[in-house]
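A quick write-up on the structure given underneath.
So that the names make sense, note that chain A is the first sequence line, chain B the second, and so on, each numbered from 1.
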Amino acid sequence: MATSALTAQGEDFPRWYQDVVAKAEMAENGPVRGTMVIRPYGYALWERVQAELDRRIKATGARNAYFPLFIPESYFAREAEHVEGFSPELAVVTHAGGEDLAEPVIVRPTSETVVGEYMAKWIQSHRDLPLLLNQWANVVRWELRPRLFLRSSEFLWQEGHTAHATAADAAAFAARIHRDVYRDFLVEVMAVPVFEGLKSPRERFAGAINSLTCEGMMRDGKALQMSTSHELGQNFARAFNVAFQDEGGQSSWCHTTSWGASTRLIGGLIMAHGDDRGLVVPPRLAPVAVVVLAVRDEEAVEAACAEVTAELEAAGVAVERDRARGSFGRRVTDWEIKGVPVRVEIGPRDLSEGVVTLVRRDDGARRTVARGELAASVRALLDEVQASLYASARARRDAATRDVATLAEAVEAAQEGFARVGWDLVAAGGEDELNRHAVSVRCVQRADGSLPASLDESDLVAVVAKAY
RNA sequence: CGGGAAGUAGCGCAGCUUGGUUAGCGCGCCUGGUUUGGGACCAGGAGGUCGCGGGUUCAAAUCCCGCCUUCCCGACCA
């Protein structure tokens, strides 16, 4: 057996991450610093993320629309915190069409401003509310320290924007998106257990009055924000005159929300489940859930592979037949790096016994099943793998999370994983102390781990960690 | 943007300290053959402005200066 194709996680985690991204043929750097070329396999994963999120987003009643890439610079100036938060990472077009522009144009880092402008036109009456929009788009935030999928100067995402008549309605909708779109997707599809909670005022989105987050734990113990949902209060409505008349003819500002998840989720997928053999993709997310491999290049074996592939396809399984040349071991390794959850291996021995061999990517366990039970066995095995990935991610996360009583203990625990410490302690000046040690407040939650209604609740707990 | 490390074939590297024939090695790639139940082997072959620009020198991958890029740590962030 040859040496590993990848740097071991324990040896150098960031290097391992890069190796996986490269060797699984997911993405590479673009010619301009911070840009990313997403290769077909990486994009197929993103398309699965899109499909699952889009379905859930539409189920909430939101509809897709598209707003322009270019935003007038003046829009940003209208919301003070927003412009302050984003100005360091804006890309600005000052020259186009062969001359200097009268007003510079911002390449969107997010679209609250331009959406606000059009919401104002579209909303007159309480009957126009709620207005529930989503867009799939690229955005640009100039990054000083780019990293494929995790931090690139241009990335892909969805951003939802909604307008409501009341603060309570806006808050309820943001919570619904958080729960029914993001948390449900992360847990049920991506098999990533999440810490959910509210962002501390310091970690909040620029211009929001409240931010909800799903935080995942990566296999090196660091945190990754997987999604955010923001209550924007009336801040943007005021800045863009998004107003409506109620039943009594009274005019008031709308309450808006925004919420997003990005290609960063692919980075989270890699780091939440990946192991020393490469990527590990949960079956429900996998663009290829099953790969069928011929152990030997023999006619009868190839014919059986073709039959099995067709049978699984007919059974609704995302199956691909391995067509690569080279030794069996090499082909196996290549599919392992790509994280395909289940392999069907067929060789002469299987043929003579009327069985096929099924191998799990996550634990390497193999079993043989009768040809007649193939489709049912594969489906059951995929469900098993899905459940098992979530369970082991959950076990790792719980083992690396400590409840502590002091800031010093929290900093110490954050060297290896997450710490849960009283929010009162953190809010009373403790956040500076944590930040000095590169530890940040990932979210604030109730003691039982549930989502609080506001930071004003008593006995809240801060989940703190080092973060990507 | 601050601190550190590095740029030599598609990828990973050696050579640089002490300047001097035709710049090497592994993987990958191409051709042919033998192989294939966990990263196969043999034979032949292609592939290089040594990151870019300038300087020193009879002579620069090697020494000097500037710039660019990448990676790590920090600040910022989805």
Margin query: Considering every strand and a 4.0 Å limit on heavy-atom distances, what is the contact class for A:Ser227: base, sugar-phosphate, or nothing?
Written below: nothing
Margin query: Can you see if the side chain of A:Ser262 gets near the phosphate of B:A78 - specifically, an N or O under 4.0 Å from OP1 or OP2?
Written below: no
Next item on the list: Select base, sugar-phosphate, or nothing to describe what A:Gly326 touches, counting heavy atoms under 4.0 Å on all strands.
Entry: base
Margin query: Categorize A:Asn435 for me: base, sugar-phosphate, or nothing, with a 4.0 angstrom heavy-atom threshold over every strand shown.
Written below: sugar-phosphate
Note to self: It should be established whether A:Arg141 places a side-chain nitrogen or oxygen under 4.0 Å from OP1 or OP2 of nucleotide B:C77.
What the structure shows: no
Notebook entry, point to check: How about A:Arg151 and A:Arg141: do any of their side-chain heavy atoms sit closer than 4.5 Å?
Noted result: no
Check: Could A:Glu336 and A:Arg343 be called an ion pair, given the rule that one side-chain N must be under 4.0 Å from one carboxylate O?
Finding: yes
Notebook entry, point to check: Rounded to the nearest Å, what distance is computed from the OH atom of residue A:Tyr182 to the P atom of nucleotide B:A78?
Noted result: 13 Å
Next item on the list: Searching all strands shown, indicate the nucleotide that pairs with B:U49 (Watson-Crick or G-U wobble; both distances under 3.5 Å).
Entry: none
Note to self: How many whole angstroms separate atom CD of A:Glu89 from atom P of B:C77?
What the structure shows: 7 Å
Checklist line | Residue A:Arg296, side-chain heavy atoms: nucleotide from B:A78, B:G38, B:U36 that is nearest | finding: B:U36
Notebook entry, point to check: If you look at every strand shown and take non-hydrogen atoms under 4.0 Å, does A:Asp350 touch a base, only sugar-phosphate, or nothing?
Noted result: base
Check: Honestly, is A:Arg397 close enough over A:Phe195, meaning NZ or CZ under 6.0 Å from the six-membered ring centre and within 45° of the axis?
Finding: yes
Item checked: Closest to the A:Thr333 side chain, choosing from B:G38, B:U70, B:A40 -> B:G38
Notebook entry, point to check: Base, sugar-phosphate, or nothing for A:Ser152, non-hydrogen atoms under 4.0 angstrom?
Noted result: base
Margin query: Let's see if you can work this out: which of B:C13, B:A78, B:U36 has an atom nearest to the side-chain heavy atoms of A:Arg15?
Written below: B:C13
Note to self: Does A:Gly260 reach a base, just sugar-phosphate, or nothing at all? Heavy atoms under 4.0 Å.
What the structure shows: nothing
Margin query: Under 4.0 Å, heavy atoms only, any strand: does A:Leu150 hit a base, just the sugar-phosphate, or nothing?
Written below: base
Notebook entry, point to check: In terms of side-chain heavy atoms of A:Arg277, which of B:G38, B:G12, B:G28 is nearest?
Noted result: B:G38
Item checked: Check ion pair A:Arg321-A:Glu302 (N to O, under 4.0 angstrom) -> yes
Check: Would you say B:U70 has OP1 or OP2 under 4.0 Å from some side-chain N or O of A:Gln18?
Finding: no
Notebook entry, point to check: Going by 5.5 Å between centroids and 30° between planes, is there a stack of A:Trp157 over B:A78?
Noted result: no
Next item on the list: Rounded off to whole Å, could you give me the CZ-to-C1' distance for the A:Arg349 and B:G38 pair?
Entry: 12 Å
Note to self: Are more than 12 heavy atoms, taken from residues, nucleotides or ligands other than A:Trp136, located less than 6.0 Å from that residue's CH2 atom?
What the structure shows: yes
Next item on the list: Taking only the side-chain heavy atoms of A:Arg151 (C-beta and beyond), determine which of B:A78, B:G37, B:C71 contains the nearest atom.
Entry: B:A78
Check: What nucleic acid atoms does A:Arg147 come within less than 4.0 Å of, heavy atoms only: base, sugar-phosphate, or nothing?
Finding: sugar-phosphate
Next item on the list: Report yes or no: is there a donor-acceptor pair, N or O only, under 3.5 Å between the side chain of A:Arg366 and the base of B:G38?
Entry: yes
Next item on the list: Inspect the surroundings of CD in A:Glu433 and state if more than 12 heavy atoms from other residues, nucleotides or ligands are less than 6.0 Å away.
Entry: yes
Checklist line | Pairing partner (Watson-Crick or G-U wobble, both distances under 3.5 angstrom) of B:A6 | finding: B:U69
